Amino acid sequence: MSRSADDVSAARAISLDEVPVIDFAPFLSGSAGERQAVADAIAAACEEIGFFYLTGHGVPEAARDDVFAAARAFFARPKAERAGSAATPEWYRGWIGAPDADGFSRNTRLFEQYRMQHEWPADPEDMEHAAIFDQPNRFPADMPEFRRASEAYLEAMVILSRELLRAFALGLGLPEHRFDDWFRHPASQLSMNYYPLLPAGADDEVSNMVPHTDEGPFTILAQGEVGGLEVKRRDGAWIKAPPVEGAYTINVGDMMMWWSNGRFLSNLHRVRNRAGEERLSVPYFANPDRSVVVAPLPELAGDAPAYPAVKVADHLARFYATLSKNPHEIYG
Ligand SMILES: O=C(O)CCC(=O)C(=O)O
Ligand SMILES: [Fe+2]
């Protein structure tokens, strides 16, 4: 099936002025001055739109190709087999289907996910959240390559996320290692997202994934070849953030906005797959260690914190409880 010009070729031709492309290579191997320049460019993007594309990130192309091949193979399986590795409230890892619905509305969840986490040692101090954080991943038993590719990719993401944290810190005018202690056993999540086509008759109000912000500090999104991601500009217009070859799409989430006391924007985005073929994406939702309490950093907020303090495990548990639901069940 051919992709519509709207979402693929034309999307590539849009001006990238709004979502800037930043080369991370000088941050990974440059001088202090070069590192600060990259961090400043990232900070400017985070203040203006909360999104940027990252090239020169050092993640091997093969790691990314392999994880997409794994996702493609998983979502090509019959539903009963996908459901064989379903996530449950008691074991919060695995496949989350789209709710069965006769019709659809602007509030229907029109995508599936396969979610996994790092497998860190259990935290005896936090039995309350053991079901969410202390279980192993629910890999399909008969797909060894899926498991291998996913584990290799998780490893690549934790490495890149630690580098990005240093860039965010420098961009905020903080010591580069300001966030390091909070990411020893990060409660980060990797998701493979599968978006079928929007149903025929879907009007402009209908999205596969409704407008939302991400709940953690930031997200490292790998888009496949098919576009569909849209970002809300400050003037209220939705702009396309199409895949840029070899680049990650990085966005600020709620926790980074809170830490920065609102200087960095956790921006609304949505997915509308109108490309005429199925879409895959692989976001890595970076999260701090589950016991961390996130609050505006005192050195940035002074005595005027704009957000309350929130414990990571509590915040994520509340969010995960909503994941398989349709948005209207969550937002009313
Ligand atoms: O698939 C995408 O491009 C974005 C996914 C997303 O926003 C999410 O999973 O939170
Ligand atoms: Fe998102």
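The structure displayed is predicted, hence computed values, not measured ones. Whatever order the structure lists them in is the order used to number ligands and atoms, beginning at 1.
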How far is [atom] from its nearest protein heavy atom, and which residue and atom name does that atom have?
| atom | answer |
| --- | --- |
| atom 10 (O) of ligand 1 | H212 NE2, 3.0 Å |
| atom 9 (O) of ligand 1 | N193 ND2, 3.0 Å |
| atom 6 (C) of ligand 1 | M209 SD, 3.4 Å |
| atom 5 (C) of ligand 1 | Y195 OH, 3.3 Å |

Indicate whether any N or O donor in one side chain lies under 3.5 Å from an N or O acceptor in the other, for R93 and Q189.
-> no
Check whether any N or O atom of Q113, backbone or side chain, sits under 3.5 Å from an N or O atom of ligand 1, and answer yes or no.
->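 There is no such contact.
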N/O separation below 3.5 Å, D214 to ligand 1 =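 There is such a contact, yes.
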Straight-line distance of [X] [atom1] to [Y] [atom2], nearest 0.5 Å:
| X | Y | atom1 | atom2 | answer |
| --- | --- | --- | --- | --- |
| D289 | W120 | CG | CH2 | 8.5 Å |
| L164 | F24 | CG | CZ | 4.5 Å |
| R115 | R138 | CZ | CZ | 15.0 Å |

So which of H269, R279, Q223 gets nearest to atom 3 (O) of ligand 1, if we judge by its closest heavy atom?
->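 Among H269, R279, Q223, the closest heavy atom to atom 3 (O) of ligand 1 belongs to R279.
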R162 side chain to F183 main-chain N or O, any donor-acceptor pair under 3.5 Å?
->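 Looks like yes, one N/O pair under 3.5 Å.
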For A306, does its backbone N or O pair with a side-chain atom of N261 as donor and acceptor, under 3.5 Å?
->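 Here the side-chain-to-backbone pair exists.
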Which is it for T249 and ligand 1 at heavy atoms under 4.0 Å: side chain, backbone, both or neither?
-> neither
Would you please indicate if the ring centroids of Y248 and Y284 are separated by under 6.0 Å?
-> no
Report the residue from F168, Y307, W182 that forms a ring pair (Phe, Tyr, Trp, His ring centres under 6.0 Å) with W259.
-> W182
Min heavy-atom dist F285 to ligand 1 below 4.0 Å = yes
Specify which N/O/S atom of H212 comes nearest to the Fe ion (ligand 2), by atom name.
->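 This turns out to be NE2.
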Which atom, among the N/O/S set of D214, is closest to the Fe ion (ligand 2)?
->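 Atom name returned: OD1.
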